[in-house]
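Single-structure report; data block below.
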Amino acid sequence: MSLLAVEGLNAWYDRSHVVQGVSFAVPEGGVTALLGRNGAGKTTTLKAIMGLVRRRSGSVRLAGQPVDGLPTHAVARAGVAYVPETRGVFPSLTVRENLAVAMRGAGAEGWTLERVYGLFPRLAERSESGGGTLSGGEQQMLVIARALLTNARLLILDEPTEGLAPTVIREIGACLATLKTEGLSTLLVEQNFAFATALADRVVVMGKGRVRWEGETERLSDDPAVMHGWLGL
Amino acid sequence: MTLRLVTLAVLIVAAGASWAFSGFFGKDLLTEIAILAIFAMSLDLLAGYTGMVSLGHAAFFGVGAYGMAAAGSLLGLGGLPAMAVAVAAAMALALIVGVFVVRLKGVFFIMITLAVGQMVHAWVFRSEALGGDDGMGGIIRPDLGTIGLVLDDPADFALFALVLAFLSFLALDLVARSPFGRLLTAIHQSESRARALGCPVERYKLGAYVIAAAFAGLAGALAAQRDYFVSPEFLTWTVSGEVLIVVIVGGMGSLLGPVIGAAVVTLLKHQLSDVTTYWMFFLGLFFVLVVMFADRGLYGALRRLKRRREAAT
């Protein structure tokens, strides 16, 4: 059974029908990449899954349970951790406080402060620094760590490498690879094609608000129409 | 030693020295400052920490004051039970109003709280049971003879108000530093991020609204005792505006800032009105200068000064 099953998802901004009947699945464990050009509807799809878009329809199920009618905080508590494109560090809180606001006791996934500090040692070094004083890479580490502390079953990342230096991208990639080996399911939206395909087992390609291709990562390059037509490669 | 501890120590020493060496007028002034400080700190939890800028906070102050008066004169309760009733009444009103208003943000929240404040004022103004525009008297101060305090004595009452202001600071500081308080700050900085972390934002905002109302109600109950009288004046929107100015002048989101603001605004008001009939003009000028030049109020200016000195050394 899929961990996340999205069926016939629609989302609108005012009259603009941005996501049009999108269906895809994220299997338990591993990384699924949601790719597409700018304006393809990827971020809106994530927001619709999280209940952050006011006008939406369709079905979203997490481990078989419907979450599409739930408010955002309830979707998060059901086990979906969403890291938005804008990162979303709370600037006036320290690193430790940023992490503490996400902690809801030890869940089944067993993420603790010590464990995330082990994964991101730089956060441990800067635990008393203000969130607003961190570099872009450190902020990205912080929001991923914070998402893990919600003890989520599914991690949703929206463009985690955007605006980061190549060395930091490699560091983030190594952390996500570690999480993958630990069995965490991840849905990754990414413009950085090389980064996404190096991590992902499956790829979903979106274009103009619809799913245009879905399959194993290694099969993607066999389809030049998708590569050129919907990814511009 | 942190700026926070130094400021707190200075405020305690200044209050203690003023209490010990001032006469009747000075002690009455201290009582006024202590009451305004509690009221301003309660609004700071709402506006400074949670980002809910209210223009109707006088409703809870007034309900606390009227709760104190009604519990004493209509229900025949003693001073301390009447204070408990006053605080409970303010919390109950906040719970009812809060369910609706916490869903709103920005200017809509400001306008709805202003409207609710005016509705409560209008109701009290017309209520015959509460004395209408004549107000109510017959307020009894608590009997604290067992600990050697006679609250009908201005010195003892000033001490009582100061101790309550200090305890209110400790309680609100505890709230602000708790995981609940940190989430209020998180909500202030981004509601959608807090939601994505599983935080039921409206429930947390309602919690903050009710806690803030409790302390505003306490301040109202003390104000009623100070004057031995309450009137619809306690509930006017200008009272809400004035306390908001105190919070802004002192420095939002610090709790100590509003205490400084309460002291500075009260002292300025009294000193300026002694020397000029245009005192409101000069008070207004002071507010403008603070807002323009002291980033995040007077406490914010102290913080900046400390940072500069640290950088220089």
Problem - B:Arg193 versus A:Pro91, closest heavy-atom pair with distance - result: NH1-CD, 4.4 Å
Problem - Heavy-atom pairs under 4.5 Å with chain A, option from B:Pro179, B:Pro200, B:Ser190 with the top count - result: B:Pro200
Fill in the blank from the handout: Comparing A:Leu52, A:Ile156, A:Val143, A:Val89 against chain B, the one with the most heavy-atom pairs below 4.5 Å turns out to be A:Val89
Exercise for the section: Can you establish whether the number of heavy atoms outside B:Lys205 located under 6.0 Å from its atom NZ is more than 12? Expected result: yes
Handout entry: Other residues, nucleotides, ligands: >12 heavy atoms within 6.0 Å of B:Trp237 CH2
Key = no
Handout entry: Within-4.5 Å side-chain heavy-atom neighbours: B:Val201 and A:His73
Key = no
Fill in the blank from the handout: Test side-chain contact (heavy atoms from CB on, under 4.5 Å), reference B:Leu197, set A:Thr72, A:Asn98, A:Val101, output is A:Val101
Practice task
Report, as yes or no, whether the 6.0 Å neighbourhood of atom CZ on B:Arg296 holds more than 12 heavy atoms from other residues, nucleotides or ligands.
Solution key: no
Handout entry: Neighbour count >12 (heavy atoms, 6.0 Å) for atom CZ, B:Arg304
Key = yes
Handout entry: Residue part contacting chain B, namely of A:Pro71, when any heavy atom lies under 4.5 Å
Key = neither
Problem - Inter-residue atom distance B:Ser192.OG - A:Met50.CE, 0.5 Å rounding - result: 10.5 Å
Exercise for the section: Output all residues satisfying ring pair (Phe, Tyr, Trp, His ring centres under 6.0 Å) with A:Tyr13, sequence neighbours left out; order by chain, then residue number. Expected result: none
Completion exercise
A:Arg77 and B:Gly198 have their tightest heavy-atom pair at NE-O, 2.5 Å
Could you give the side-chain donor-acceptor pairs of residues 93-108 of chain B under 3.5 Å, partners two or more places apart or in another chain?
residue	atom	partner	partner atom	Å
B:Arg103	NE	B:Val99	O	3.3

Practice task
Kindly compute the distance separating CG (A:Leu99) from CZ (B:Arg182), expressed to the nearest 0.5 Å.
Solution key: 13.5 Å
Fill in the blank from the handout: Honestly, the part of B:Arg177 sitting under 4.5 Å from a heavy atom of chain A is neither
